[in-house]
2 protein chains.
Amino acid sequence: MPSKNLMAERRRRKRLNDRLSMLRSVVPKISKMDRTSILGDTIDYMKELLERIRQLQEEIEEQQQQETPGVLSVFRELNPNEMLARNTPKFDVERKEGGDTRVEIYCAAKPGLLLSTVSTLETLGLDIQQCVVSCFNDFGMHASCSEVLPPPLSLLDY
Amino acid sequence: MPSKNLMAERRRRKRLNDRLSMLRSVVPKISKMDRTSILGDTIDYMKELLERIRQLQEEIEEQQQQETPGVLSVFRELNPNEMLARNTPKFDVERKEGGDTRVEIYCAAKPGLLLSTVSTLETLGLDIQQCVVSCFNDFGMHASCSEVLPPPLSLLDY
DNA sequence: GTCTACACGTGAAAC
DNA sequence: TGTTTCACGTGTAGA
């Protein structure tokens, strides 16, 4: 009775077919029910998933790059010619007792500067209590801020 | 000579083995070289990829929810009690000829209000030329804006 | 009748 | 040595 190997081979074939059925149930795109087609569709589907992941990661990186670069980067991103062509930038910070801080900024106008400046002050823990902004040729900003430790409602938290 | 079917079956087996090899080359986690193990690892890997995609989409949605909600939502998000407890909000927009627009805002303080307001004005195509902001109890903002059609450098683009 | 895809049992190789 | 896995040729059933 050589049915030892026979039964083993039957069980093996059944295992393989079961896995194949599982695969067919996971992959949504099934062109044909062929074993070969199932494997081929599986490969294509996996590549699509990888591509999808790549796109999503790219999208996330794009969104993270849209984050406010900070006001200091403004000076960094000005090339030397721009620096010389315009009036000398000014970036004064006067810190009084009690956490009151006065910030004074003059520099060349640059896209996103106001937003990034406000956002940077917020990041630094400085709440704008009052500020005056003007921009005709260059960018100018005076801001009176207060440090936020336990945040009582203040402007930049709003 | 019955080798017609024989060769066909051989080609079929070769196709299937080729697909299996491709699958093994795509799936990074190969525990064993078994046919059964290869299919099992493939299923596990696909589930990991789907889970990864789910996490990435979740992350993107979180980031998108952090986007500036816009200044108008401030009024919407104030519940009736808050509305009655505070002074009546004021949201005046005076538009003069030539695209010059004066915006005046008074309302209850709210986290992110300054940033969302500036961002909203930018979205509306209004470049802030001058603005005064104060926030002690409530939030107040006066802004002189100009419409941006062909954008000459202006404050909100900076 | 051809062509295709599958299941089956068996022998052999690997561990 | 036995167990497991694979390749092989064949029979069969559906288009």
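No experiment lies behind these values; they were computed from the predicted model shown. In the text below, chain A, chain B and the rest are named by the order of the sequence lines, each starting its count at 1.
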Taking only the side-chain heavy atoms of [X] (C-beta and beyond), determine which of [options] contains the nearest atom.
{"X": "D34(A)", "options": "dA5(C), dT4(D), dA7(D)", "answer": "dA5(C)"}
{"X": "R35(A)", "options": "dC8(D), dC6(C), dT10(C)", "answer": "dC6(C)"}
{"X": "E9(A)", "options": "dT10(D), dC8(D), dG9(C)", "answer": "dG9(C)"}

Nearest-Å distance, [atom1] ([X]) to [atom2] ([N])?
{"X": "L16(B)", "N": "dC6(D)", "atom1": "CG", "atom2": "P", "result": "11 Å"}
{"X": "N17(B)", "N": "dC8(D)", "atom1": "CG", "atom2": "P", "result": "8 Å"}
{"X": "L6(A)", "N": "dA7(C)", "atom1": "CG", "atom2": "P", "result": "15 Å"}
{"X": "K14(A)", "N": "dC6(C)", "atom1": "NZ", "atom2": "C1'", "result": "17 Å"}
{"X": "R11(B)", "N": "dT4(C)", "atom1": "CZ", "atom2": "C1'", "result": "10 Å"}
{"X": "R24(B)", "N": "dC6(D)", "atom1": "CZ", "atom2": "P", "result": "11 Å"}
{"X": "M7(B)", "N": "dC8(D)", "atom1": "CE", "atom2": "P", "result": "11 Å"}

Closer than 4.0 angstrom, basic N to acidic O: yes or no for [X] and [Y]?
{"X": "E51(B)", "Y": "K47(B)", "value": "no"}
{"X": "E58(B)", "Y": "R54(B)", "value": "yes"}
{"X": "R13(A)", "Y": "E9(A)", "value": "yes"}

- Item | Residue whose nearest DNA chain D nucleotide is more 5′ - K32(B) or R10(B) | K32(B)
- Query: Taking OP1 and OP2 of dT3(D), is either one under 4.0 Å from a side-chain nitrogen or oxygen of R12(A)?
  - Reply: no
- Which atom pair, heavy atoms only, marks the closest approach of R19(A) to G40(B)? NH1-CA, 3.4 Å
- Task: Using a heavy-atom cut-off of under 4.0 Å over every strand shown, decide if R15(A) touches base, sugar-phosphate, or nothing.
- Result: sugar-phosphate
